[in-house]
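Naming: A, B, ... by sequence-line order, numbering from 1 per chain. The figures here come from the full heavy-atom set of this structure, side chains too, leaving out hydrogens, waters and symmetry mates. If you're wondering where the values come from, they're calculated on a predicted model, not measured in any experiment.
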Number of protein chains: 4
Amino acid sequence: MKQTTYDQLLEAAMNVIRREGFDKASVSRFVKEAGVAQGTFYNYFASKNELVPAIAARILDEQLARMQARGDAETLETLVETMIDVTFTITEEFRDYISFCYSGISMYYSFERWDEIYRPYYDWLESQFSKLQRAGRITTELELKAAVNNTVGLIEHAAEAHYLSRAVTEDRTTAEAELKRMLVRALTI
Amino acid sequence: MKQTTYDQLLEAAMNVIRREGFDKASVSRFVKEAGVAQGTFYNYFASKNELVPAIAARILDEQLARMQARGDAETLETLVETMIDVTFTITEEFRDYISFCYSGISMYYSFERWDEIYRPYYDWLESQFSKLQRAGRITTELELKAAVNNTVGLIEHAAEAHYLSRAVTEDRTTAEAELKRMLVRALTI
Amino acid sequence: MKQTTYDQLLEAAMNVIRREGFDKASVSRFVKEAGVAQGTFYNYFASKNELVPAIAARILDEQLARMQARGDAETLETLVETMIDVTFTITEEFRDYISFCYSGISMYYSFERWDEIYRPYYDWLESQFSKLQRAGRITTELELKAAVNNTVGLIEHAAEAHYLSRAVTEDRTTAEAELKRMLVRALTI
Amino acid sequence: MKQTTYDQLLEAAMNVIRREGFDKASVSRFVKEAGVAQGTFYNYFASKNELVPAIAARILDEQLARMQARGDAETLETLVETMIDVTFTITEEFRDYISFCYSGISMYYSFERWDEIYRPYYDWLESQFSKLQRAGRITTELELKAAVNNTVGLIEHAAEAHYLSRAVTEDRTTAEAELKRMLVRALTI
DNA sequence: AATGAATGAGAGTTCATTCAT
DNA sequence: CATGAATGAACTCTCATTCAT
């Protein structure tokens, strides 16, 4: 099955960014990599900036899909473990794009755009938390939405600290274990 | 007392960013705002990029100074409260520069540069945690460095979610309370 | 009665120019406005430039038709009055296209193209002058073709000064009266 | 004496327009001709469009200077003769720029910009007319400002018809004579 | 230490036009 | 006749940086 021009362009853009870094990321590089004309880019993206949320969405979609693929968790421990594991793996895989997306979105878009992209993930987690709460496996001391927010934020921060910062020296297993312990302590009844 | 040209330039840069946004941030704007010649900039900064860590450091120094000004905390609750309060206030005050710094550093520098800037903050918090641990006020279940890292990350994430994202609708007091409760649950004995 | 694609395109182009100005005048705008495909334009116009004389001709045809609709003038005064009145009205109505036509024709075509478009108008006026001359109502001191040329030019210049320039403050009635007086003085026996 | 960069650029732009026509007129051609860098252009002109009124002003300044160089006219005939002669000569000399200026100004500027450029010329002519009127050599039937406006317009139109249109076949002497006769008839007592 | 004119590569974007369907 | 994706040259303009004064 033939790849669409849109996919060609998105993939090319991601390759360029991975290989040459954010600085060299330019429309002219993208189209050269994709093997299409300069003008073709603008048939698919209104501007260069529109590439940024497109990449971000692709990563988050992938992340959520992997979490959902594991099925609904029976316990808080399992849920937290899944989230941590998938987030760390995704962060490792897509480390080269994550800075790019942060920079790009904060530069060119309001944070509402972030929320829009994160929305499915937040909604899914909220429903998971809600279910566990009804099963008596999560504290009712915490407000649900805030807990969701803080959980996602904490896991992401840890994964980024691990994979984007070279200064963190502990191994992944330790980092994940510490993080899990902290989260379970925070959320358990 | 006369302001040094260096300070003039740094302040001018911050004014431009605050007033005109990240996109308009350029050396030519900075020097116009500072009222000096184009070439003068390069007597003080090796390149435009050097401005980014300079601004980041200025913000983090200010943040740490305010935390330290409150004196050593006797309890975990007090420490967490102080950190949350100061971080939220700083994030509010300097919200316009935070994206700029993230973007700039991730674009032009390795994350080691981040660590270097954060180092005094981490060190201070580690000593605070250590002291509280010895006083039996923090769990010994968690590895100290990881706990420090995760704590800073969680607070920062929450503050940024609150001030940089317009989608979060809860008020500051609620956000802070939820965050504190979660952190204390995670860290307390 | 269904409008032909040609007319749709011409009308669309005129709408775009009127609404969005000369700068936005491009084939892609025209076809979007007309609701046809990009390629369709080239079934009706050899190139974008061909639109310019098409619009110019449409305006001049309309102008001449209105003058002729008033019937043959018996006196110089009546003729001059008719010409002035119609020219001022047309200039007002089509002011948005006049710059476009001037620019476009001078850019892409020789002035012979102008003459070609103006030819029917000149010919008609020459016959009118000739008739009045024979009736002893126009001086024979002036060479006919030159007088025709100068008359058309003077009236057009005045109308454009009135409607395209905001600096002219006199009202239309005054401007027309002064112009008529001047022309009659120049042409009368 | 060394030519300033500004003059180099203006002259280069005029050469390019004369040699290659309006279509090829682009900033990159101008700077190549002037032998300076692309960016240098923007040290002297805020945008490409700013070149247009600059050229227009240069031409009109030259025209007025030549008219004034002939000294104050004693009779209407002399004044009209001078104006016609100078305008025809200037139009011939600068014929290649005149379309460019018309197009450019009408495209990018309000007509107020035209008035601004023409102002010194109008003012001078008004004072000349006024003087001749007091000397009993010009009719008082016509309103002064309108007469000035119409006179300038008529002469310009005739000169442009002569030099920009290839269809006009009469020689310059005849064209000038006809024009003069018409104007004197219109303005004389 | 300060100046600011000059640099020139390269950015994002637009556009008229083509052509296979 | 109509389509619209693809083209790619050309455009204006910005920018960080240099260097003679």
Watson-Crick and G-U pairing of DNA chain F written in dot-bracket, each distance under 3.5 angstrom, with | for inter-strand partners: .||||||||||||||||||||
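The base of E:dT7 does not come close enough to the side chain of D:Gln38 for any donor and acceptor atom to sit less than 3.5 Å apart.
In this model, the phosphate group of F:dA10 is not approached by any side-chain N or O of D:Ser26 to a distance below 4.0 Å at OP1 or OP2. For E:dA6, the OP1/OP2 oxygens have a side-chain nitrogen or oxygen of D:Thr5 closer than 4.0 Å. Note on B:Thr40: every side-chain N or O is 4.0 Å or more away from OP1 and OP2 of E:dA1.
For the segment residues 41-55 of chain A, the set of residues with a heavy atom within less than 4.0 Å of an atom of DNA chain E comprises A:Tyr42, A:Ser47, A:Lys48, in numerical order.
Place D:Ala37 and B:Gly35 on DNA chain E by their nearest nucleotides, and B:Gly35 ends up nearer the 5' end. Residues B:Arg29 and D:Ser28 each lie close to DNA chain F; by heavy-atom proximity, the contact nearer the 5' end of the strand is made by D:Ser28.
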Apply side chain to side chain contact (heavy atoms under 4.5 Å, CB included) to residues A:Tyr44 and A:Leu10 and explain how you reach the verdict. CA-CA 10 Å; A:Tyr44 295 93; A:Leu10 198 58; over 6 Å; no
For C:Glu11 and C:Asp7, what are the C-alpha separation, side-chain angles and deciding distance, and is it a side chain to side chain contact (heavy atoms under 4.5 Å, CB included)? CA-CA 6 Å; C:Glu11 195 183 313; C:Asp7 284 333; 5.8 Å; no
Stepwise, does the side chain to side chain contact (heavy atoms under 4.5 Å, CB included) test hold for B:Phe41 with B:Val36? CA-CA 8 Å; B:Phe41 182 88; B:Val36 301; 5.9 Å; no
Go through the steps for B:Phe94 and B:Ile55 under the test side chain to side chain contact (heavy atoms under 4.5 Å, CB included), then give the verdict. CA-CA 10 Å; B:Phe94 294 96; B:Ile55 292 176; over 6 Å; no
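When side chains are defined from C-beta on, B:Thr40 does not count as touching B:Val31, because their heavy atoms never get closer than 4.5 Å.
F:dC1 atom C1' lies 17 Å from atom OH of C:Tyr6, rounded to whole Å. One interatomic measurement links the two molecules: NZ of C:Lys24 to C1' of E:dC15, which rounds to 15 Å at whole-angstrom precision. One can place CZ of A:Phe30 at 18 Å from P of F:dA6, the figure rounded to the nearest angstrom. For the pair D:Lys32 NZ and F:dC11 P, the computed distance is 10 Å after rounding to whole Å.
In this structure, CG in A:Asp96 is found 13.0 Å from OH in A:Tyr163, a value given to the nearest 0.5 Å. The distance from atom CE of D:Met14 to atom CZ of D:Phe30, rounded to the nearest 0.5 Å, is 11.0 Å. The structure places OG1 of B:Thr5 at 9.0 Å from CG of B:Asn43, a figure rounded to the nearest 0.5 Å.
When distances are taken from the side chain of A:Val36 to each of E:dG8, F:dT7, E:dC15, the shortest belongs to F:dT7. Relative to the side chain of B:Val27, the nucleotides F:dA16, E:dT13, E:dT7 differ in distance, and F:dA16 lies closest.
At a threshold of 4.0 Å, the pair B:Arg18-B:Glu93 does not count as salt-bridged, since none of the basic side-chain nitrogens sits closer than that to a carboxylate oxygen.
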